[in-house]
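Beneath this line is the structure, given in structure tokens, with notes to follow.
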2 protein chains.
Amino acid sequence: MSSLNEPRWLDQDEMAAWRGFVVASNLLNRRLERQLKEDSGLSHQQYEILVHLSAAPGDSLRMTELADKLVTSKSGLTYQVTQLERMGLAARRSCPSDVRGVFAELTDQGREMLRQAAPGHVALVRELLIDVLTREQLAVLAESLGTVSARLRLDETP
Amino acid sequence: MSSLNEPRWLDQDEMAAWRGFVVASNLLNRRLERQLKEDSGLSHQQYEILVHLSAAPGDSLRMTELADKLVTSKSGLTYQVTQLERMGLAARRSCPSDVRGVFAELTDQGREMLRQAAPGHVALVRELLIDVLTREQLAVLAESLGTVSARLRLDETP
DNA sequence: ACACCTTCGTTCGAATTTGAACAACAGGAG
DNA sequence: CTCCTGTTGTTCAAATTCGAACGAAGGTGT
């Protein structure tokens, strides 16, 4: 037998996919981070918080739910929401039905900031990712990463 | 005209691809980070440094070149190489042809650590990404992200 | 009502990351 | 050689991130 305890290493295609994913991910984040910071004074994470809030009913979300959507730690979210509060872009509101609960809420100023920051961000996402790929590539990407994400979400909460 | 200054927002497919990318990227990093830390006491970044060094001729790379491959900041690399030095997994060696230059070099202990850590890491990458996708999806992913990365590398150094 | 286990969000300390500033050097044009 | 420009790696302060521990509450079964 050739592989008693030998792990199955990645072949050339598999390695290309994996390396491509890591590299593209790092490069994209780096670039978007720079653009958002220079253009609007926001970090990518802060921008994403605003996006998720604005997409939520009542422009507000529970902290835990928001942390899940963002795929970040609860403590990390606590920190960032505090930052956004200081900037006047978000606010905390206590939950009526659960004393422990806290809603993060988008302020008018936060909505305005998003309106101002979104176009430049979306344009860059287009320029660096979306418009670089064909329609078919995009479709495969969406389905593939959707599958991967779904699978990861599952054994995350067993 | 429907769009004087209106940005081209992302349609459903495009949004799915972009969100999928962000979410999958975060979830994967989070998971791999945990596994590596628990299994070998390494961060993903430290692991990647060892990998790149072991793949380089002479098991060593110049700091700047390594930072490029890792897609990280020079100062960040300085920090991590120092950490690896303290763990005995890497060492610094000055460059003969350039007094300013510094080589990061893999130590025997570092090679051994990699030999021990790699199987578990690769297995998880397989389980979470590679083996979840079909051969076609993998091929498309590799080519797409390859293109994206290449494009990003270019206007990074103009 | 009681004990028990889970969930919620925050706090805390430690680790990491980044960009700007820096000093030292390389490399070429003149 | 000499000036000038770009590179190299590090240092520094500031910002961010995480996990573990925590107090306070919810929810359930008995």
Side-chain angles (χ1 to χ4, degrees), chain A residues 25-27 29-39 41-49 60-87 90-105 156-158, chain B residues 25-38 41-49 60-87 90-105 156-158:
Chain A
S25 166
N26 287 349
L27 284 170
N29 275 328
R30 203 168 250 302
R31 202 82 169 55
L32 294 174
E33 203 74 47
R34 226 172 356 119
Q35 192 265 341
L36 275 171
K37 194 71 82 180
E38 288 176 359
D39 205 55
L42 292 175
S43 68
H44 190 200
Q45 183 87 104
Q46 292 167 344
Y47 175 85
E48 292 257 295
I49 293 178
S60 67
L61 282 172
R62 287 287 291 272
M63 293 296 280
T64 296
E65 195 179 349
L66 183 49
D68 277 347
K69 287 182 190 290
L70 293 170
V71 192
T72 188
S73 64
K74 289 183 298 176
S75 53
L77 179 61
T78 292
Y79 174 79
Q80 282 301 167
V81 166
T82 302
Q83 299 305 306
L84 290 174
E85 244 180 343
R86 289 187 184 155
M87 305 184 211
R92 272 180 236 253
R93 188 163 48 77
S94 53
C95 175
S97 61
D98 189 335
V99 188
R100 302 165 303 172
V102 171
F103 278 103
E105 191 180 29
E156 202 63 46
T157 317
Chain B
S25 166
N26 287 349
L27 283 171
L28 265 174
N29 275 328
R30 201 168 251 299
R31 203 82 169 56
L32 294 174
E33 203 74 48
R34 229 176 349 122
Q35 192 266 340
L36 275 171
K37 193 70 81 179
E38 288 178 358
L42 292 176
S43 68
H44 191 201
Q45 184 88 107
Q46 293 166 344
Y47 176 84
E48 291 257 296
I49 293 178
S60 68
L61 281 172
R62 286 286 292 271
M63 294 296 280
T64 296
E65 195 179 349
L66 184 49
D68 277 347
K69 287 181 190 291
L70 293 170
V71 191
T72 190
S73 64
K74 288 183 298 175
S75 52
L77 180 61
T78 293
Y79 175 79
Q80 281 301 167
V81 166
T82 302
Q83 299 306 306
L84 290 174
E85 244 179 342
R86 290 188 183 155
M87 305 185 210
R92 273 178 235 254
R93 189 162 46 80
S94 52
C95 174
S97 61
D98 189 333
V99 188
R100 303 166 302 173
V102 172
F103 278 103
E105 191 180 28
E156 202 63 47
T157 318

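By convention in this document, chain letters (A, B, ...) are assigned in the order of the sequence lines, proteins followed by strands, and residues within each chain are numbered from 1.
Summarising the geometry, the separation between CZ on B:Arg34 and P on D:dT17 is reported as 19 Å, rounded to the nearest angstrom. Atom P of nucleotide C:dC8 and atom CG of A:Leu66 are separated by 13 Å, given to the nearest angstrom. With rounding to whole Å, A:Lys74 atom NZ is found 13 Å from C:dT11 atom P. Rounded to whole Å, atom C1' of D:dG9 lies 15 Å from atom CD of B:Glu65. Between the CZ atom of B:Phe103 and the P atom of D:dT10 there is a distance of 13 Å, given to the nearest Å. For B:Arg62 and C:dC25, the CZ to P distance is 14 Å, given to the nearest whole Å. In this structure, A:Gln35 atom CD and C:dG19 atom P are separated by 14 Å, rounded to whole Å. Nucleotide D:dT17 holds its P atom 10 Å from the CG atom of A:Leu70, rounded to whole Å.
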Between protein and nucleic acid, restricted to nucleotides 25-29 of chain D and to nitrogen or oxygen atoms under 3.5 Å apart, what atom pairs and distances do you find?
unit_1 : atom_1 : unit_2   : atom_2 : d
D:dA25 : N3     : A:Arg100 : NH1    : 3.3
D:dG26 : O4'    : A:Arg100 : NH2    : 3.4

With 3.5 Å as the limit, what N/O pairs link the protein to nucleotides 14-18 of chain C?
unit_1 : atom_1 : unit_2  : atom_2 : d
C:dT16 : OP2    : B:Tyr79 : OH     : 2.9
C:dT17 : OP2    : B:Gln80 : OE1    : 2.8
C:dT18 : OP1    : A:Arg30 : NH2    : 3.2
C:dT18 : OP2    : B:Thr72 : OG1    : 3.0
C:dT18 : OP2    : B:Ser73 : OG     : 3.0

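The ring pair (Phe, Tyr, Trp, His ring centres under 6.0 Å) search around B:Tyr47 returns B:His121, not counting sequence neighbours. Applying the side chain to side chain donor-acceptor pair (under 3.5 Å) test to A:Arg62 and every residue at least two apart in sequence or in another chain returns nothing. Residues passing the side chain to side chain contact (heavy atoms under 4.5 Å, CB included) test with A:Val71, sequence neighbours excluded: A:Arg153, B:Val23, B:Asn26, B:Leu27, B:Arg30. A:Gln45 pairs by the side chain to side chain donor-acceptor pair (under 3.5 Å) definition with nothing, not counting sequence neighbours. Under the side chain to side chain contact (heavy atoms under 4.5 Å, CB included) criterion, A:Gln83 pairs with A:Gln46, A:Tyr79, A:Gln80, A:Arg86, A:Met87, sequence neighbours left out. Not a single side chain to side chain donor-acceptor pair (under 3.5 Å) links B:Thr78 to another residue, sequence neighbours left out. Considering only residues two or more places apart in sequence or on other chains, A:Glu33 meets the side chain to side chain contact (heavy atoms under 4.5 Å, CB included) condition with A:Ser43, A:His44. In this structure A:Ser75 satisfies the side chain to side chain contact (heavy atoms under 4.5 Å, CB included) test together with A:Ser73, sequence neighbours excluded.
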Strand DNA chain D as a dot-bracket string - pairs counted if Watson-Crick or G-U with both distances under 3.5 Å, | where the partner lies in another strand: ||||||||||||||||||||||||||||||
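For the atom pair A:Leu77 CG and A:Leu70 CG, the distance stands at 6.5 Å (nearest 0.5 Å). Distance check, rounded to the nearest 0.5 Å: CZ of B:Phe103 to CG of B:Leu66 gives 11.5 Å.
Which of D:dT8, D:dT11, C:dT10 sits closest to the side chain of A:Met63 comes down to C:dT10.
Legend: salt bridge (Lys or Arg N to Asp or Glu O under 4.0 Å) pairs involving residues 64-80 of chain B, not counting sequence neighbours: none detected.
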